[in-house]
Enquirer: 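Here's a structure for you.
Below, chains carry the letters A, B, ... as their sequence lines are ordered, and counting in each starts from 1.
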Amino acid sequence: MPELPEVEVVRRGLQGHVVGHRLDEVTLSGIRVARRHLPGPQDLTDRLRGTTALSARRRGKYLWLVLSSDEALVLHLGMSGQLLVEPNDAPLEKHCHAVFDLGADPLSQDHGVRRQLRFVDQRTFGGLQLTDLVPDRFAPGEVPAVVAHIAPDPLEAAFDQAGVVRAMRRRHTQIKRALLDQSLVSGIGNIYADEALWRARVHGERATDKLPSRTLREVLDHAHEVMVEALDQGGTSFDALYVNVNGASGYFERSLNAYGRQGLPCRRCGTLMRREAFMNRSSFSCPTCQRRPRRASGG
DNA sequence: ACGGAAACCTGCTGGC
DNA sequence: TGCCAGCAGGTTTCCG
């Protein structure tokens, strides 16, 4: 599922349709969706009931609502999570795990249509938790305690590209691993990592401590660029798994140059694209544009 | 500090 | 038609 652009689309939906509303009632189905809320599901619903959403924030792939109770409701979409805002009487989705009854927005002309925010997640890797806000070590302001270990993403003002490049060059690891390390730079997942590496003509197994700083900067610039382009188009989507808060699918998948293109010609040089196993999943690259490092590893 | 694998889930696809 | 292996955008945790 969602990488940064998709999560940002969802955040904007929350900002427009949930912020300003009170959470009148919260209903969880099953305990798994709140498994990361250690005090338990009952505690979660009790503490949420009656609070008002003051703002919708995001860092990388983590999303949270700042609440009037001075806490944050952290949402992670995992691989297949969706947030939908729908009328109360809309049929419940098969994999709906949490329902938030929204109070009327005092500023809207809604004429009494009551809506719900619904958390729908087929594969159930996503979830909810309520946590304190703590000082952000990367920028002025606060972040939820459970997000404190996540580095700023390339779209944030707090993103320090030079600092990330320095950290990468100190580390002996593969560039793709580094791109996926959310404590180094957040928001990048398997799709956008492959897209950024293709654009930069760099193989994902290149060692970060052997690549010139200039190349690392280029990879990060491309990651930023491809995510901005995806965001402009409403995010990437596959099948019907990803839908934003209004129910509209993104369509960036038409623009992908690397991800999922094994056996198809490279859009730059025509060489057939390859697929390689990587961290229990796949990497896609061009054998001509993205030469493997001479000595295996980088790790 | 790092690599690798496993774990957490459901559903879809392709091969036999 | 059915069965089974393989695969899917993420994160955490454990082991070496």
Enquirer: For A:Lys176 and C:dG9, what is the distance between atoms NZ and P respectively, to the nearest whole Å?
Expert: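 About 8 Å, once rounded to whole Å.
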Enquirer: Indicate, with a heavy-atom threshold strictly under 4.0 Å, whether A:His97 touches base, sugar-phosphate, or nothing.
Expert: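 The answer is nothing, as A:His97 stays clear of every strand by at least 4.0 Å.
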Enquirer: Report yes if the ring of A:Phe125 lies under 5.5 Å from the six-membered base ring of B:dC8 with planes under 30°, and no otherwise.
Expert: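 Here the ring of A:Phe125 and the base of B:dC8 are stacked, with centres under 5.5 Å and planes under 30°.
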Enquirer: What integer number of Å spans the P atoms of B:dA7 and C:dA5?
Expert: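 Between the two P atoms, the distance is 16 Å.
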Enquirer: Starting at atom CZ of A:Arg177, determine the distance to atom P of B:dA1, rounded to an integer number of angstrom.
Expert: 16 Å
Enquirer: Within less than 4.0 Å of OP1 or OP2 of C:dA8, is there a side-chain N or O belonging to A:Arg123?
Expert: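 So the side chain of A:Arg123 is outside the cut-off, no N or O lying under 4.0 Å from OP1 or OP2 of C:dA8.
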Enquirer: How close or far is atom C1' of B:dC2 from atom CD of A:Gln174, stated in whole angstroms?
Expert: 11 Å
Enquirer: Is there a donor in the side chain of A:Arg275 and an acceptor in the side chain of A:Ser282, or the other way round, less than 3.5 Å apart?
Expert: yes
Enquirer: OP1, OP2 of C:dA8 versus side-chain N and O of A:Ser282: anything below 4.0 Å?
Expert: yes
Enquirer: Rounded to whole angstrom units, what separation is found between the CG atom of A:Asp209 and the C1' atom of B:dC2?
Expert: 12 Å
Enquirer: How close or far is atom P of B:dC8 from atom CG of A:Leu77, stated in whole angstroms?
Expert: 22 Å
Enquirer: Report yes if some heavy atom in the side chain of A:Leu197 is under 4.5 Å from a heavy atom in the side chain of A:His203; otherwise report no.
Expert: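 No, too far: nothing below the 4.5 Å cut-off.
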Enquirer: Taking B:dG11 as the reference, what is the distance to C:dT11 when you measure between their P atoms (whole Å, please)?
Expert: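 My reading of the P atoms in C:dT11 and B:dG11 gives 22 Å.
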Enquirer: C1' atom, B:dA1 versus C:dG10: distance in rounded Å?
Expert: 22 Å
Enquirer: For A:Gln161 and A:Asp221, test the side chains for any donor-to-acceptor distance below 3.5 angstrom and give the result as yes or no.
Expert: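 Yes.
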Enquirer: According to a strict under-4.0 Å criterion, is A:Tyr259 in side-chain N/O contact with OP1 or OP2 of C:dG9?
Expert: yes
Enquirer: Quickly work out the A:Leu180 CG to C:dT12 P distance and round it to whole Å.
Expert: 13 Å
Enquirer: Between the side-chain atoms of A:Arg281 and the base atoms of C:dG10, is any donor-acceptor pair under 3.5 Å?
Expert: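 Answer is yes: a donor-acceptor pair is held.
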Enquirer: Can you tell me the distance, in whole Å, between the NZ atom of A:Lys94 and the P atom of B:dC9?
Expert: 16 Å
Enquirer: Using a heavy-atom cut-off of 4.0 Å across all strands, would you classify A:Phe278 as base, sugar-phosphate, or nothing?
Expert: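 Here A:Phe278 touches no strand at all.
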Enquirer: Between the side chains of A:Glu86 and A:Arg118, is the shortest nitrogen-to-carboxylate-oxygen separation below 4.0 Å, so that they form an ion pair?
Expert: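 Salt bridge flag = yes for A:Glu86 with A:Arg118.
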Enquirer: For A:Arg22 and A:Thr52, does a side-chain donor sit closer than 3.5 Å to a side-chain acceptor?
Expert: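 No donor-acceptor contact under 3.5 Å links the two side chains.
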Enquirer: Can you measure A:Asn280 atom CG to B:dA5 atom C1' for me and round it to whole angstrom units?
Expert: 6 Å
